[in-house]
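This report concerns only the one structure given below.
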Amino acid sequence: MPTLPDSAAIQTRQLTRTYGDLVALKPLDLTVEPGIIFGLLGPNGAGKSTAIKMLTTLLPPSGGTAEVAGYDIVRDPKSVRRHIGYVPQLLSADGALTGRENLLLSARLYRVPKGEQQSRIAEALQFMEIVSAADDLVRTYSGGMIRRLELAQAMLHEPRVLFLDEPTIGLDPVARRSVWDRLQELNQRTGMTILLTTHDMEEAEVLCHRLAILHQGAVAVSGTPDELMTAIGPGATLDDVFVAAAGGAIEEGGTYRDVRQLRTAVRHRG
């Protein structure tokens, strides 16, 4: 197993994705240090989901290179997948199974050693505070409980890097805060690198040690939340940073498919 450089849990060099004449992601140079929570922000259609799909090996790049957890996403995608966790926007837990059954299925898919499966499942249920509902069907869960279960599924195999696409979309404030608490504790307890996308500026400010804002397929600005707000001026918020970086076109990005997926995710979380 390769030793991860101190400066790169995720490293991209000129990573690009095109669809014919459409450039979904311009050459992306990005470094995410190990052990931090990194936020990828931007309007719909800015390239966030495209970047995540390439970094999780779900989509081949059109150009450039990237390494995740020390492995090349093109030359060694199987190793990348063994060392990452991924929670998409859309529902990934099976409502016809119990929470425990979903976790057992994930443990088998991730090839968690058989002798460790039950102990890891018990630990994940405890950590995500869903022990009391472990043997209930997931279709009876609240949106917040489902999200915590999905996080538990993604962390069972102890990945080096966890990818989260809009982790609290559609959740009420109490459920959202519960997910934030679990993510912060997971990061602090294990040192796991977390890369998340979000449209929620409060979420980005609370969770992210560093972030980058994409606009029209390229990085517009990057830095710590404090650095980016200070660069705008006294009293600036991350909303101000976002507006400045996105050129004021917050509502203009995205396609019909983007909107449909977003609303479907919100409906499932509700």
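With values rounded to the nearest 0.5 angstrom, Ile121 atom CD1 is found 4.5 Å from Leu104 atom CG. Rounding to the nearest 0.5 Å places OG of Ser79 at 13.5 Å from CD1 of Ile73. Here the straight-line distance linking atom CD1 of Ile36 with atom CD of Glu33 works out to 4.5 Å at 0.5 Å rounding. Here the straight-line distance linking atom CG of Leu164 with atom CG of Leu151 works out to 6.0 Å at 0.5 Å rounding. Distance check: Arg176 CZ to Thr168 OG1 gives 6.0 Å after rounding to the nearest 0.5 Å.
Judged purely by atom type and a 3.5 angstrom limit, Arg17 has no side-chain atom pairing as donor or acceptor with the backbone of Leu25. When atom types are taken as modelled, the side chain of Glu227 and the backbone of Thr224 share a donor-acceptor pair closer than 3.5 angstrom. A donor-acceptor pair is defined here as one N or O able to donate and one able to accept, closer than 3.5 Å; such a pair exists between the side chain of Thr237 and the backbone of Asp240. Side-chain N or O atoms of Arg13 include none that pairs as donor or acceptor with a backbone N or O of Gly64 at under 3.5 Å. Listed for the Thr197 side chain is a donor-acceptor partner under 3.5 Å among the backbone atoms of Glu166. Without hydrogens or angle criteria, Lys48 side chain to Gly42 main chain gives a donor-acceptor distance under 3.5 Å. Of the possible polar contacts, none joining the Gln11 side chain to the Val32 backbone as a donor-acceptor pair under 3.5 Å is found. Between the side chain of Asn102 and the main chain of Ala93, no donor-acceptor pair closer than 3.5 Å is present. Of the possible donor and acceptor atoms, one in the side chain of Asp29 sits under 3.5 Å from a partner among the backbone N and O of Gln14. Without hydrogens or angle criteria, His157 side chain to Ile84 main chain gives a donor-acceptor distance under 3.5 Å.
Cluster membership check: Ile10 shares its hydrophobic cluster with Leu58, using side-chain heavy-atom separations under 4.5 Å among Ile, Leu, Val, Met, Phe, Trp and Tyr. In the hydrophobic clustering of ILVMFWY residues, with side-chain heavy atoms under 4.5 Å counting as a link, Val138 and Leu97 come out apart. Taking hydrophobic clusters as Ile, Leu, Val, Met, Phe, Trp and Tyr residues chained together by side-chain heavy-atom distances below 4.5 Å, Val23 does not share a cluster with Leu59. Side-chain heavy atoms closer than 4.5 Å link hydrophobic residues (I, L, V, M, F, W, Y) into clusters, and following such links, even through other members, never connects Leu105 to Leu149. Following chains of ILVMFWY side-chain contacts shorter than 4.5 Å, one cannot reach Val179 starting from Val174, and the two form parts of different hydrophobic clusters.
Taking Phe38 as the reference, nothing meets the ring pair (Phe, Tyr, Trp, His ring centres under 6.0 Å) condition, with sequence neighbours excluded. Applying the side chain to side chain donor-acceptor pair (under 3.5 Å) test to Ser222 and every residue at least two apart in sequence or in another chain returns nothing.
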Next on the checklist: Quick one, Ser178 with Asp181, criterion side-chain hydrogen bond (donor to acceptor under 3.5 Å, both in side chains). Give me CA distance, side-chain angles, the key distance, then yes/no.
Outcome noted: CA-CA 5 Å; Ser178 178; Asp181 290 344; 5.9 Å; no
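The shortest side-chain heavy-atom distance between Arg108 and Gln117 falls under the 4.5 Å cut-off. For the pair Arg120/Glu158, a side-chain contact is recorded, criterion being any heavy-atom separation below 4.5 Å from C-beta on.
Using a 4.0 Å cut-off between charged side-chain N and carboxylate O, Glu203 and Arg177 make no salt bridge. The residues Arg189 and Glu185 are annotated as not salt-bridged, no charged nitrogen and carboxylate oxygen being separated by less than 4.0 angstrom. In summary, Asp135 and Arg100 engage in a salt bridge, as defined by a charged side-chain N under 4.0 Å from a carboxylate O.
For the side-chain hydrogen bond (donor to acceptor under 3.5 Å, both in side chains) test with Arg81, the passing option among Thr56, Asp76, Thr57 is Thr57; the others fail.
When every heavy atom of Leu156 is checked against every heavy atom of Ser106, the shortest pair comes out as CD1-CB, 4.1 Å. Between Arg160 and Ala69, the shortest heavy-atom distance links the atoms NH1-O, 3.1 Å. Nearest approach of Ala24 to Thr50, heavy atoms of both residues: CB-OG1, 4.0 Å. Between Val68 and Leu55, the shortest heavy-atom contact is CG2-O, 3.6 Å.
Judged by the 6.0 Å and 45° rule, Arg182 forms a cation-pi pair with Phe127. The cationic group of Arg139 does not satisfy the cation-pi geometry with Tyr141, failing either the under 6.0 Å distance to the six-membered ring centre or the 45° limit from the ring axis.
Residue Gln184 places its CD atom among more than 12 non-hydrogen atoms of other residues, nucleotides or ligands, all under 6.0 Å distant.
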